[in-house]
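Notes follow once the structure below has been shown.
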Amino acid sequence: MIDIVLALEWTKSSDLELTIEFLQNTYALVSKNQLARIGIVLYGKEPLPLIDLIEASTVDKLLGDIRNIPLLQHPAEPALALYEAIEMLEDLYEPISSRRIVLLTASFSSRSKISLEDAIVYARSIDGLNYYIFTTSNRRPRWLSNNIAKEVSILRKGSLIKYLKKII
Amino acid sequence: MRKSYNDLTPNKLVAVRDTVDYIVVKLLKRTNIPVRIGMTVFFGKAYPILNPTRDYSLALDALSRLRIMGEGSAPGDGVIVSVKILRRVHGSKDIIMITDGGFNMGIPLDVASIYAKNSSVRLDMVCLGRIRENDLLIIEQAVKNTGGTMHTVETKAELYSVLKNIVERITGKQYD
């Protein structure tokens, strides 16, 4: 069984169209798998768990309304979203879960107060957890430390499926 | 204006504590209604103080520790923490939020209520006294999202009556 939590920045700084496309593509890929579960966390200054891990094939009806959800407060704190996603995976862990994945999107439009690097170190310490960080910006901001920057992929419309197929 | 015995005296917090205390004893100690009670407190942040339980002594202990914990009011965070402690619970799930408004922090209540809705958790709101217009609009949207109800109470007697009605609706049984 595969458990995937999407942690999506939901602020005025994030490219929402790209974010939603990323979400829809992930859903399209994962929902074919009967043993997959998806959870969604939106975040701004604070994280909002939107959908707890549920069977991927049942997420569809909840996704329809996502565009109506108001933007969350700026500046975004991706570290808190990563912690929230991990908490969801841990709380709803089933022994049958063989792969656990967090997909995090961030604009990195401003320096966050809470260290993403620390959150990444924590994520690495969780057994069987893989995380992938994407930015919706055109380039990695210079202020990101090298340790984080090397882990960040730039999301581009044409390459979404390619990325996701590699991961999932 | 003079306060009567039934007003929210000596203050709102103590009035809520006394009333909930009374209901907890009645519901958990004197009936076999299959209900578990959990508790969350919120101010500028939100924390769970009681995991869902049928143990009335644990519930009373948690209640006895209620105090003013900080500034601000983040009801959305209160909803999120409450839904989280219900994550592993099966059966009908309901949050009864008691507030005097003044919402000014955290995830907005109406937005957090979407998470409650997606988790099949109903939100019932009990407002203590008059609430600001802005807060009322947010509360109305939140209860609409989850199919819950909103009530305003001015006295302990009203608070008891509203809580009793909500609990009886949730459990489908009269306990008094």
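A quick note: this is a predicted structure, and the numbers were derived from the prediction, not measured. Throughout, protein chains are lettered first and strands after them, A, B, ... in sequence-line order, and every chain is numbered starting at 1.
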Notebook entry, point to check: Side chain, backbone, both or neither: which part of A:L50 has a heavy atom under 4.5 Å from chain B?
Noted result: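 Backbone plus side chain of A:L50, per the 4.5 Å heavy-atom cut-off to chain B.
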Exceeds 12 heavy-atom contacts within 6.0 angstrom, atom [atom1] of [X]:
| X | atom1 | result |
| --- | --- | --- |
| A:Y122 | OH | no |
| A:N146 | CG | no |
| A:E55 | CD | no |
| A:R67 | CZ | no |
| A:N138 | CG | no |
| B:K45 | NZ | no |
| B:Y56 | OH | no |

Check: From B:M105 CE over to A:K45 NZ, what is the distance, rounded to the nearest 0.5 angstrom?
Finding: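 Taking CE in B:M105 and NZ in A:K45, the distance rounds to 7.0 Å.
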Checklist line | Positions in residues 61-92 of chain B that reach chain A, provided some heavy atom is under 4.5 Å away | finding: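 The residues closer than 4.5 Å to chain A, in numerical order, are B:D77, B:I80, B:K84, B:R87, B:R88.
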Next item on the list: With chain A as the partner chain, list the residues of residues 108-142 of chain B whose heavy atoms fall under 4.5 Å from it, by residue number, and write 'none' if nothing qualifies.
Entry: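 The stretch touches chain A at B:V111, B:A112, B:I114, B:Y115, B:K117, B:N118, B:S119.
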Should [X] and [Y] be counted in the same cluster of Ile, Leu, Val, Met, Phe, Trp and Tyr side chains packed under 4.5 Å apart?
| X | Y | result |
| --- | --- | --- |
| B:V35 | B:Y22 | yes |
| A:I167 | A:I161 | no |
| A:F22 | A:Y27 | yes |
| B:L27 | B:I98 | yes |

Notebook entry, point to check: Any idea which of A:I54, A:L48, A:I51 has the most non-hydrogen atom pairs under 4.5 angstrom with chain B?
Noted result: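 Sorted descending by pairs with chain B, the first entry is A:L48.
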